[in-house]
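Here the structure is laid out as structure tokens; the discussion comes afterwards.
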Amino acid sequence: MLTKRMQVQFIADRMAGLSVQVDARHFAQPWLACWNAITSAPKGQEHEALHKATEGLPEQKEILQAILGARPGYVPGFQSLKDLGPELPPIEWVWKDYIPRGLLSVLGASQGSGKSFVGLDLAHRIIHNQGFPDGTPIARPGASVVYVEAENVPQLMYGRSNDYLTDQSRIFPMLPDQGEMIDLGLPKYQDRLTEMVGGLKPELIILDSLSSMHSRGQNNVEDLRALVGYLTRLAGWGNCGLLLIHHIRKPPSGQRMANVDFDTQDLSGSGYITQQARVVMGLRGVQTGPEFDPNGPRELKVLKSNLGAYPRPLGFVFEQLYPEGARLKWKTEAPREYREPTQMDVCREWLEDTLRENPQGLQPKEVLKMGTEQGFSRSMLFRARRELSVHIQNTRGRQAPDNAWRWSDTPVELEEEE
């Protein structure tokens, strides 16, 4: 497989009398005809043979100019990674492990999960130098944030930023023309955003959300290639973070969108979006009790990273303000998913409650009799005793006839139980 440049170079080298090692079967027309003509021509008559071989071709002039203009013996230089390395800039971060500088990040979430709250929370932290949720310091305290809210309801952004007491002079929403919606597939809105980035030098651009700001949809790779290419160039040119908020697909019937545990393939539209993002995060609600609470805790975790190790998931809850409004209260540990209690869980809970209700203690045979009446087997009761052993004291030696089990909130020395 030879490129046009390679074919032209081989022909020029051969005409100059240089040794050329190439298989003629790899040439394509019209270069194959030129090669055959000069290799079969008598020595010194190569130019005449070349002219004759291209005679009558509409592109004869361009062919001859390409061959005769090539520099015989030229070999293009290729830089190794060792050559390039010292000149390559290091990966920098707006938020370490979550939002790289100059590259595209995606935040996937369902509607109502709190993704816009997260965007404004991050903006507030940058503007007021409060550190990111995991304690990472702010690289550019007080820098501006550009927020593209495609549904064009700036009142929501204004109200929520009031709840945070954010310096609103550092948040810059991009607004559409009268009667329009923002469409970043159109050159005029790309130019508008580019001028904002060039003039404001923001630390972070937040685009909320992809489905609302691209009229050509999310499934056609060719359309997305143009948009994602623009966004990646913009982040690099502005040397800032770019967080693209994106929706997930509707989960199978019976699952709530707000708390479904999803991965990168569950985001709406073409996978090209997540392929081009260097970091993809997921935000979801977590059910921590028997009933799902739409205002319950959330989990933020990295679903994909091309730039390093995956950080541990974070959690937050909505802190209600009075008389109205809410802020996010972050935790460095993600909330734990609720699971239905097993029979063993019920047995342990019953044993603890029973011993607490009898602070003087109960003899093992009494516990076994009461437990079997509750439907627990003898082996399950002894297993529960072992699992709770740091809180259950023997009032006498464990084999003493008058020994009793007594609950202690202070951990006790472990003893083997038969």
Side-chain angles (χ1 to χ4, degrees), residues 96-98 114 130-137 258-259 261 282-302 309-320 327-418:
K96 181 72 169 65
D97 297 329
Y98 292 87
Q130 289 190 352
F132 287 108
D134 61 349
T136 301
N259 69 321
D261 194 4
L283 174 66
R284 71 182 186 104
V286 178
Q287 183 173 338
T288 56
E291 300 294 330
F292 176 70
D293 180 3
N295 294 315
R298 301 295 198 258
E299 176 191 62
L300 178 73
K301 66 179 178 180
V302 172
Y310 288 43
R312 296 179 64 179
L314 301 171
F316 68 80
V317 294
F318 294 98
E319 184 180 47
Q320 298 300 315
R327 288 183 300 203
L328 303 189
K329 185 176 181 179
W330 289 87
K331 300 181 179 181
T332 54
E333 293 289 334
R336 292 187 178 183
E337 194 91 41
Y338 171 78
R339 64 177 179 83
E340 289 288 339
T342 65
Q343 182 72 354
M344 190 65 228
D345 295 330
V346 176
C347 182
R348 280 195 305 269
E349 184 177 354
W350 173 86
L351 180 57
E352 178 181 345
D353 291 344
T354 299
L355 294 179
R356 284 182 180 277
E357 291 168 2
N358 295 273
Q360 76 284 358
L362 291 172
Q363 289 191 326
K365 62 182 180 181
E366 295 179 278
V367 175
L368 294 175
K369 181 176 183 298
M370 297 167 64
T372 53
E373 290 174 354
Q374 295 293 320
F376 305 124
S377 68
R378 179 185 177 90
S379 61
M380 182 176 289
L381 287 161
F382 273 109
R383 179 183 166 191
R385 164 68 172 92
R386 286 194 299 272
E387 293 183 5
L388 296 173
S389 58
V390 295
H391 289 289
I392 299 179
Q393 293 178 329
N394 286 309
T395 59
R396 297 280 190 270
R398 60 185 176 84
Q399 294 183 348
D402 57 345
N403 180 45
W405 292 348
R406 185 166 59 196
W407 184 266
S408 172
D409 286 324
T410 302
V412 298
E413 184 178 350
L414 296 180
E415 299 181 71
E416 290 187 4
E417 278 291 331
E418 293 181 355

Q. So, do Lys301 and Asp261 sit near enough that their side-chain heavy atoms are less than 4.5 Å apart?
A. yes

Q: Hey, could you give me the CH2/CZ distance between Trp330 and Phe132, rounded to the nearest 0.5 Å?
A: 10.5 Å

Q: Check Thr332 against Pro133 and note the closest heavy-atom contact, atom names and distance.
A: CG2-O, 4.2 Å

**Q.** Heavy-atom check, side chain of Trp405 versus side chain of Leu388, under 4.5 Å
**A.** no

**Q.** Separation of Lys369 NZ from Gln363 CD (nearest 0.5 Å)
**A.** 13.5 Å

(Q) Could you report the tightest heavy-atom contact between Pro364 and Asn403, atom names first, then the distance? (A) CD-O, 3.4 Å

Q: Verify salt bridge (charged side-chain N to carboxylate O under 4.0 Å, His left out) between Arg312 and Asp97, making sure each step is shown before the conclusion.
A: CA-CA 10 Å; Arg312 296 179 64 179; Asp97 297 329; over 6 Å; no

Q. Where do Leu355 and Val367 come nearest, in terms of heavy atoms and distance?
A. CD2-CG2, 4.4 Å

(Q) If you count every heavy atom of other residues, nucleotides or ligands that lies below 6.0 Å from Glu337 atom CD, does the total exceed 12? (A) yes

Q. Between Asp293 and Glu291, is a side chain to side chain contact (heavy atoms under 4.5 Å, CB included) present by the stated rule, with each step listed?
A. CA-CA 6 Å; Asp293 180 3; Glu291 300 294 330; over 6 Å; no

Q | Heavy-atom check, side chain of Arg336 versus side chain of Val286, under 4.5 Å | A | no

Q) Which pair of heavy atoms, one from Pro341 and one from Asp345, lies closest together, and at what distance? A) CA-OD2, 3.4 Å

Q) Distance from Gln374 atom CD to Leu381 atom CG, nearest 0.5 Å? A) 10.0 Å

Q: State, to 0.1 Å, how close Met370 and Leu362 come at their nearest heavy-atom pair, and which atoms those are.
A: SD-CD1, 4.1 Å

Q. Is any side-chain heavy atom of Arg284 less than 4.5 Å from a side-chain heavy atom of Arg298?
A. no

Q. Once you round to the nearest 0.5 Å, how far does CG of Leu328 lie from CG of Leu314?
A. 12.0 Å

Q.
I'd like to know if Glu352 pairs up with Arg348 as an ion pair, taking the criterion as any Lys NZ or Arg NE/NH1/NH2 lying under 4.0 Å from an Asp or Glu carboxylate oxygen.
A. no

Q: Calculate, to the nearest 0.5 Å, the distance between atoms CD and CZ belonging to Gln287 and Arg339 respectively.
A: 13.5 Å

Q | Atom CZ of Arg356: over 12 foreign heavy atoms under 6.0 Å | A | yes

Q.
Can you tell me how far apart CD1 (Ile392) and CZ (Arg406) are? Round to the nearest 0.5 Å.
A. 12.5 Å

Q: For Ala404 and Gly361, work out which heavy atoms get closest and say how close.
A: CB-C, 4.1 Å

**Q.** Contact check, side chains of Pro297 and Thr288, non-hydrogen atoms, under 4.5 Å
**A.** yes

Q. Taking C-beta and beyond as the side chain, do Leu368 and Phe382 meet within less than 4.5 Å on heavy atoms?
A. yes

(Q) Check the orientation of Trp350 and Phe376. Use parallel for under 30°, tilted for 30 to 60°, and perpendicular for over 60°. (A) tilted

